[in-house]
Every structure is written in structure tokens, then in C-alpha cells.
Amino acid sequence: VAPGGSTTFQVTFTPSAAPTSGERYHFTIDADAQSAAGVALGNPVELTLVAAAPLAVTSIQPSDGASEVDTDSQIVVVFNRPVVELTGLNDQASLPQPLTIEPAVEGAGEWLNTSIYVFKPQLGLAGATDYTVTIADVTTAQAETLAEPVVVHFTTAAPIVTDAHPLPGGEPIAPQSAFQVTFSQPMDQASTEAAFALTNTTDEAVVAGTFTWDELGTTLTFTPTEKLSFGQGYQLAVTQNAQPASQQGNLREAYAHTFTVVPLPLIDTTAPAHGDTNVPPEMSVTIHFNTAMSGTTVLPAITVAPMLTTTQVYSYYRDYDNTAELSWFKESNTTYTVTV
């Protein structure tokens, strides 16, 4: 009974065949439909409905057949309709976990909403590895299930060298330097250490040393057991035999670069040069070294004869061009000797 005491009636339409999934249907009751008393409806009543599609996976990342997948990737599955009811984070454990991953991956999954599921690997995916992800045994709250399992295959990226220290092409390094190589993903330490070599570029002699790793297993540090030779060139190399932590596959490409150890210090040039005569009294004395020097030790090591007092001489060391410069008032027709 409607408001005002009038009686309402319900019409039920039962299709003779099941609706087609995903099909749009339009229902109309014409305006000339009359009540039992002969009163016309006046305006048509229209209703559009879409038949529900069966439960299906509409998207999964990484996608089937994907290659070079980042090992930091998460696995995301999107269903075409709600699978679970909205819950709090504390209730996630009671919800269905629809994924099976081969080879197995430690991690945890959660429903971002009623139809999107995300699996987050705890330590990342293994490098250079073929994975198979199966979505099955999924039932909605309305007791709908997947018609058949969905299977996806993808392959993760092989590791590469992303950084090294000392940097290639940089300034000459100290003889007591240690070396770091950083990889794009955790590495198998045994095979990576075996693939690493530091060699003398003159005779290809291998430098002995020790290895350490960071907690993530992505950065290797090599410390030579003896100081490197002054002025000598060296090559750091990692062959493709280095493997990711999964021990599947190898380094995508070999890595190598060369560098030079600082030379023993020498004086390249001086101005005035040794033995010069007729030097202008106002001319400064410059001493250029072949390598970077310690300004705090260079200047005290320079003496001038005849001896000068500290108030008579102005001296400084220029780091940018490895040059010491001294200025003082020079007596005419006087021989000076500068000693380093």
C-alpha cells in the first residue's frame, strides 16, 4: 500500500534464457500502459541494466611474457569485480590469498580494495629468474569463482654494475685506496668475488686483497693487502661469471675500468728556471709539482738563501694547479738559491 492508502502492484519479468554476460539490456514500459481503472501511465518507464560478467582477472603486473622485470617489482592483480569485502588492515590475514608463485618468494600480500590484490616480496625478486604466477581458488562473497586458473610467466632482469669507486676517469688515487663496486641487485658473493680482479696494467699481475659486503649484498668492497705502486696504472674488472643471489643467470655484461695511482712528487718546472740571470727583482718564484701536494708541508720545506725573515717573504700554495709561489723584495745583482 502506497502513501495515501493506494495499492501498488509489482510486475516480474523472467527471461526465457540466461542473459549474456556483459550485455547491456534496455527495459521499457510504454506510456500507454493503463491501470485496472483504465488510467494511462502517461510517461514511459525505462531501465537499462548490464548483465554481470563472470569473475575474471582484468590485469596483472608484471604482465605475461614480460622480461627484464625489476627485482624490486610488486605483483599486482586486478579483478573485474569485488572479491572481498572492505576490511581494516588488521583483518587482512583472514582474506583469501589468491597467488601461487614459483619459485617461491618470501613476502606478504594485501588487498588494496575489494578487487585489487598486491603481493610485496620481502627481499625482492631474484635476478635473472623465470617466474610463474598462478591465480586460482578465488571465490567472491557471492560465491562466484574463477572459471579457470590464470597463469602468468615473466623473467626478472639480470644484474648490472651501477656504480664504482674510485670513479673511472677521475683524479689519480691514493696508494692505500680501497675499491667499491655496486650492483643493481643482491649478488651471490662467492661467484662475484671470483669474477672480480684488480690487476697491474703493466704486467697484468693480480693484486691480492680482502672482500667485504654491505647488508643488502649489493655493494662489494675490495681492500688490497698492500699499498699500490706510485704512478702505476691498474684495471678493476668484473666478468660476466658473477651471479645474482638467486644463482640463476649471470651479470648482463662485463665491467672494467682503469685508473692511475698518484706518482711520487717531483718538481716539473720552476720560474725563474735554474741558472737564470737578469731576473727582474719584482718577479715571483713559482714551483710547479707533478701531483697534488700538502700545502701545510710544502711551504715549510722551502728555504731561500741568503736567508729571509718571515716578514720579508709572502708565500702560498695553489691547490688548483699544484704550484707554490714565493714573493719577496730582491736585491739587485744578487744570487738567490731556493731549496725544496
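Residue numbers run from 1 in the order of the sequence given. Quick note: numbers below take in every heavy atom, side chains included, and nothing from hydrogens, waters or symmetry partners.
- Under the 3.5 Å distance criterion, the side-chain polar atoms of T129 are matched with a main-chain donor or acceptor of G127.
- Taking the six-membered ring for Trp and the full ring otherwise, the centers of Y117 and F119 sit at least 6.0 Å from each other.
- By the 6.0 Å contact criterion, CD on E46 is enclosed, its count of non-hydrogen atoms from other residues, nucleotides or ligands being greater than 12.
- At least one side-chain heavy atom of W328 sits under 4.5 Å from a side-chain heavy atom of V304.
- Counting side-chain heavy-atom gaps under 4.5 Å among Ile, Leu, Val, Met, Phe, Trp and Tyr, V39 is found in no cluster with other residues.
- More than 12 heavy atoms of other residues, nucleotides or ligands lie within 6.0 Å of NE2 in H26, so this atom counts as buried by the packing criterion.
- Atom CG in N43 sits 12.0 Å away from atom CG in D30 (nearest 0.5 Å).
- The closest side-chain heavy-atom distance from Y131 to E102 is not below 4.5 Å.
- Put simply, OG1 on T258 and CD on Q235 are 7.0 Å apart, with the number rounded to the nearest 0.5 Å.
- Counting only heavy atoms from C-beta outward, the side chains of L228 and V207 approach each other to under 4.5 Å.
- Using a distance-only test at 3.5 Å, with no hydrogens or angles considered, a donor-acceptor pair links the side chain of H257 to the main chain of P166.
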**Item:** Steps toward side-chain hydrogen bond (donor to acceptor under 3.5 Å, both in side chains) verdict (D188, Q247)
**Value:** CA-CA 6 Å; D188 172 61; Q247 297 184 338; 3.0 Å; yes
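- Side-chain atoms of T182 and T219 include a donor-acceptor pair closer than 3.5 Å.
- In terms of the salt bridge (charged side-chain N to carboxylate O under 4.0 Å, His left out) criterion, E193 has no residue partners (sequence neighbours excluded).
- V181 and I160 end up in different hydrophobic clusters when Ile, Leu, Val, Met, Phe, Trp and Tyr side chains are linked at under 4.5 Å.
- Applying the ring-ring contact (aromatic ring centres under 6.0 Å, His included) rule to pairs touching residues 56-82 yields F79-W111, sequence neighbours excluded.
- Judged purely by atom type and a 3.5 angstrom limit, T223 has no side-chain atom pairing as donor or acceptor with the backbone of A178.
- Of the possible donor and acceptor atoms, none in the side chain of N241 sits under 3.5 Å from a partner among the backbone N and O of A195.
- Counting non-hydrogen atoms of neighbouring residues, nucleotides and ligands closer than 6.0 angstrom, the CD atom of E282 exceeds 12 such neighbours.
- Judged by distance alone, with hydrogens and angles left aside, the side-chain atoms of T270 form a donor-acceptor pair with the main-chain N or O of P272 at under 3.5 Å.
- When side chains are defined from C-beta on, T140 does not count as touching P82, because their heavy atoms never get closer than 4.5 Å.
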**Prompt:** Step by step, would you call S327 with S284 a side-chain hydrogen bond (donor to acceptor under 3.5 Å, both in side chains)?
**Reply:** CA-CA 5 Å; S327 297; S284 296; 2.6 Å; yes
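- A 6.0 Å sphere centred on CG of D203 holds more than 12 heavy atoms belonging to other residues, nucleotides or ligands.
- Side-chain heavy-atom separations under 4.5 angstrom define the hydrophobic clusters, and L86 shares its cluster with no other residue.
- I101 and V138 fall within a single hydrophobic cluster, where Ile, Leu, Val, Met, Phe, Trp and Tyr are joined by side-chain heavy atoms under 4.5 Å apart, directly or via other members.
- Judged by distance alone, the side chain of N250 and the main-chain N or O of Q240 form a donor-acceptor pair under 3.5 Å.
- T260 and Q232 are not linked by any side-chain donor-acceptor pair at a separation below 3.5 angstrom, with hydrogens and angles left out of the test.
- For the atom pair L47 CG and F27 CZ, the distance stands at 7.0 Å (nearest 0.5 Å).
- One finds the CG atom of L299 at 7.0 Å from the CG atom of L326 (value rounded to the nearest 0.5 Å).
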**Message:** Please evaluate residues D130 and T155 with respect to the criterion side-chain hydrogen bond (donor to acceptor under 3.5 Å, both in side chains), reporting the C-alpha separation (whole Å), side-chain torsions for both, the decisive distance (0.1 Å), and the verdict.
**Reply:** CA-CA 4 Å; D130 296 324; T155 303; 2.7 Å; yes
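- Contact annotation: the side chain of I116 approaches that of V76 to within less than 4.5 Å [non-hydrogen atoms, C-beta and beyond].
- When all heavy atoms are compared, the tightest approach of Q248 to P244 is O-CG, 3.1 Å.
- Residues satisfying the salt bridge (charged side-chain N to carboxylate O under 4.0 Å, His left out) criterion with K120, sequence neighbours excluded, are E110.
- Residue K330 holds its NZ atom at 13.5 Å from OG1 of T335, rounded to the nearest 0.5 Å.
- Cluster membership check: F154 shares its hydrophobic cluster with V150, using side-chain heavy-atom separations under 4.5 Å among Ile, Leu, Val, Met, Phe, Trp and Tyr.
- The nearest pair of heavy atoms linking L125 to D70 is CD1-O, 4.2 Å.
- With a 6.0 Å radius and a threshold of 12 heavy atoms from other residues, nucleotides or ligands, E226 has its CD atom at or below the threshold.
- Y336 contributes a side-chain N or O that, together with a main-chain N or O of E331, makes up a donor-acceptor pair within less than 3.5 Å.
- Sparse packing is recorded around CG of D137, with 12 or fewer heavy atoms of other residues, nucleotides or ligands lying under 6.0 Å away.
- With hydrogens and angles ignored, the 3.5 Å screen pairs a side-chain donor or acceptor of T323 with a backbone N or O of D321.
- Looking only at side-chain heavy atoms (C-beta outward), T134 and T132 come within less than 4.5 Å of each other.
- The shortest side-chain heavy-atom distance between V262 and I173 does not fall under the 4.5 Å cut-off.
- Looking at V161 and D163, their side chains never come closer than 4.5 Å, going by heavy atoms from C-beta outward.
- No donor-acceptor pair closer than 3.5 Å links the side chain of S177 to the backbone N or O of P175.
- Annotation: the span from I302 atom CD1 to S315 atom OG amounts to 7.0 Å, rounded to 0.5 Å.
- Nearest heavy-atom pair, L55 versus E144, reported as atom, atom and distance to 0.1 Å: CD2-O, 3.9 Å.
- Residue Q185 comes nearest to A126 through the heavy atom pair OE1-C, 4.5 Å, listed as atom of the first residue, atom of the second, then distance.
- Every pair passing ring-ring contact (aromatic ring centres under 6.0 Å, His included) that includes a residue from residues 175-202 is listed here, sequence neighbours excluded: F179-F259, F196-F211, F196-F222.
- A single hydrophobic cluster is seen to contain both L251 and L220, as judged by linkage of ILVMFWY side chains at heavy-atom distances under 4.5 Å, directly or through other members.
- The same ILVMFWY cluster, assembled from side-chain heavy atoms under 4.5 Å apart, contains both Y25 and F13.
- The main-chain N or O of G217 is found under 3.5 Å from a side-chain atom of D214 such that the two form a donor-acceptor pair.
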